[in-house]
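Remarks on the structure that follows.
All values below were derived from every heavy atom in this structure, side-chain atoms included, with hydrogens, water molecules and symmetry-related copies excluded. Just follow the structure's listing: the first ligand is 1, and inside any ligand the first atom is 1.
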Amino acid sequence: MSRAFIAQTPGLHFGGAAVRQLAHRAGRTPFFAYDRSAIDARIRKLRSLLPSGMHLHYSIKANPMPAVVGYLATRVDGFDVASAQEMALALDAGAAPTDIGFAGPGKSQDDLRRAVATGVNVHLESETQLRLVTALGWELGVQPNVAIRVNPDFSVGHSGMRMGGGATPFGVDVDQVPALLRELEAREVALAGFHVFWGSQCLHAPTVILAQRQSVELVVRLASDLAAPPRFVNLGGGFGIPYFAGETALDINAVCEAMHEWLPRLYECLPGTKATLELGRYLVGEAGVYVCRVIDRKRSGGRTFVITDGGLHHHLAASGNFGQVLRRNFPVILGDRPDTASNERCHVTGCLCTPLDRLADDVDLPEAHIGDFVVVGQSGAYGRSASPLHFLSHPEPIEMLV
Ligand SMILES: *Cc1c(COP(=O)(O)O)cnc(C)c1O
């Protein structure tokens, strides 16, 4: 792996003595370790650049470890959740129900009952959800808190994962929003907010800036039909982190500078509205490592295979099977000898009986021996919880917040 690529990966300072200490604490491999101080530093930096008044939510699906959620509860202004279990995690961490947004295209009646009963903001994504929520409000004798998740009528380039613009199961198309607003009014349900989510994993600052500006214009346009400005406007997130060689970090200074320009316009048009960003991987992704151990090495067809006790059942994303089109290597080091020059090209694999179980292809590392630690960086988000843990029935990985 190139020195520059490794150097830009903060979690990989867990090499040498640090990885041995972590392994001692974990008691066994494989494990995920998330670094509190790295999460804290990321949030402090971001807060120092954001305009005052910009609220910050954490999207729990990025990393739902209860200790991580609890740690973030003291550092963010609210949570975005996508299931009843995530909602329970946010409430258990002490978040106020009105600081929790519940999004998702397929909310069950049970999920919605819990959300309405606790007063969590339900981000409506269809007319069906609206009907269910108002019926539950009557049944439970409470005013439901609802927002409309809008499928934006713009689409962004350069975004790793597009989740809006064009035909999608997410949100309500812009042209259907006025009818939904009339329906809410007929049912005497107040609208608490708008939610615009345009995409994810974007490293290109001009794209983020444009998407945010367009989101503001969209929300201002939609809110002109309302009697009063909504309580909040969730403008999505989409801030990416560099996973692969050649990628560079998002220019957060540029993104936040632009915010100082567009946020006053939002406040001018919608006085009293709370503007919110929702971020997942940007807050926790770089703070985590996945550590497994070399359990075998062998030669086949002129190549060296380094086989570990980890794999895609713990870390699907690092194997390249979580939405990547072309498989690329996450940043990987040999934890025992992080500063030794590479002298062997090898394939690092997991322990599963499938050719998909690859942790690093054609990677240059110091010669790996049985017992050595392999450390995968950028593993604080979409790791354990985004992996098929039961596939092949191996032990689950340990998770630690350190
Ligand atoms: C997944 C998701 C996020 C978080 O995405 P990241 O890329 O981890 O920041 C935010 N909002 C919604 C609606 C999501 O579905």
Side-chain angles (χ1 to χ4, degrees), residues 34 39 42-43 46 50 54-65 68-69 72 76-83 85-87 89-90 99-107 111 115 120-126 129 147-152 156 158-165 168-172 193-205 207-208 211-212 215 218-219 232-244 247 249-250 252 255 275-288 316-317 322-324 378-387:
Y34 314 119
I39 296 173
R42 171 52 55 96
I43 293 175
L46 185 58
L50 289 176
M54 178 55 91
H55 292 75
L56 188 59
H57 280 197
Y58 173 58
S59 299
I60 291 186
K61 86 169 187 285
N63 187 332
M65 185 193 185
V68 169
V69 174
L72 281 159
V76 297
D77 307 302
F79 291 102
D80 287 295
V81 302
S83 67
Q85 176 65 26
E86 287 187 1
M87 188 162 53
L89 275 170
D99 293 332
I100 300 173
F102 180 19
K107 303 179 190 78
D111 293 344
V120 161
N121 299 303
V122 177
H123 293 199
L124 300 174
E125 309 209 14
S126 70
Q129 291 185 3
I148 295 178
R149 175 167 175 183
V150 183
N151 172 25
V156 295
H158 285 101
S159 175
M161 211 180 296
R162 238 180 261 174
M163 288 181 69
T168 121
F170 310 110
V172 176
F194 284 112
H195 178 200
V196 184
F197 185 68
W198 48 268
S200 214
Q201 181 48 22
C202 187
L203 291 169
H204 189 245
T207 301
V208 174
Q212 291 184 327
S215 300
L218 175 57
V219 163
F232 68 85
V233 172
N234 181 330
L235 296 161
F239 298 8
I241 59 172
Y243 287 102
F244 309 116
E247 290 185 339
L250 175 68
I252 194 68
V255 170
T276 304
L277 295 178
E278 52 172 359
L279 299 173
R281 75 188 78 212
Y282 191 77
L283 302 187
V284 296
E286 302 197 75
L316 190 66
F322 189 60
Q324 290 95 317
Q378 307 299 73
S379 299
Y382 306 106
R384 186 185 190 277
S385 70
S387 301

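Neither the backbone nor the side chain of A103 has a heavy atom within less than 4.0 Å of ligand 1.
The distance criterion of under 3.5 Å between nitrogen or oxygen atoms is met by R281 with respect to ligand 1. Considering backbone and side-chain atoms alike, K61 places an N or O below 3.5 Å from some N or O of ligand 1.
Considering only heavy atoms from C-beta on, F79 stays 4.5 Å or farther from D99 through its side chain. I252 is listed as a side-chain neighbour of L46, based on a closest heavy-atom distance under 4.5 Å.
The shortest heavy-atom distance from Y282 to ligand 1 is not under 4.0 Å.
Those atoms of ligand 1 that come under 4.0 Å of a heavy atom in S59, given as number and element, are 3 (C), 4 (C), 10 (C), 11 (N). For ligand 1 and S200, the ligand atoms under 4.0 Å from any heavy atom of the residue are 5 (O), 6 (P), 7 (O). Short contacts between ligand 1 and Y382, defined as distances under 4.0 Å to a heavy atom of the residue, involve ligand atoms 1 (C), 4 (C), 5 (O), 6 (P), 8 (O).
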**Q.** From CA spacing to verdict: side-chain contact (heavy atoms from CB on, under 4.5 Å), L72, I43
**A.** CA-CA 9 Å; L72 281 159; I43 293 175; 3.3 Å; yes
Q) Are N151 and F170 close enough, and set up right, to give a side-chain contact (heavy atoms from CB on, under 4.5 Å), and what steps lead you there? A) CA-CA 6 Å; N151 172 25; F170 310 110; over 6 Å; no
Q) So Y243 and R281, side-chain contact (heavy atoms from CB on, under 4.5 Å) or not? Walk me through it. A) CA-CA 11 Å; Y243 287 102; R281 75 188 78 212; 3.3 Å; yes
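Considering CG of L235 and NE2 of H195, their distance stands at 9.0 Å, rounded to 0.5 Å.
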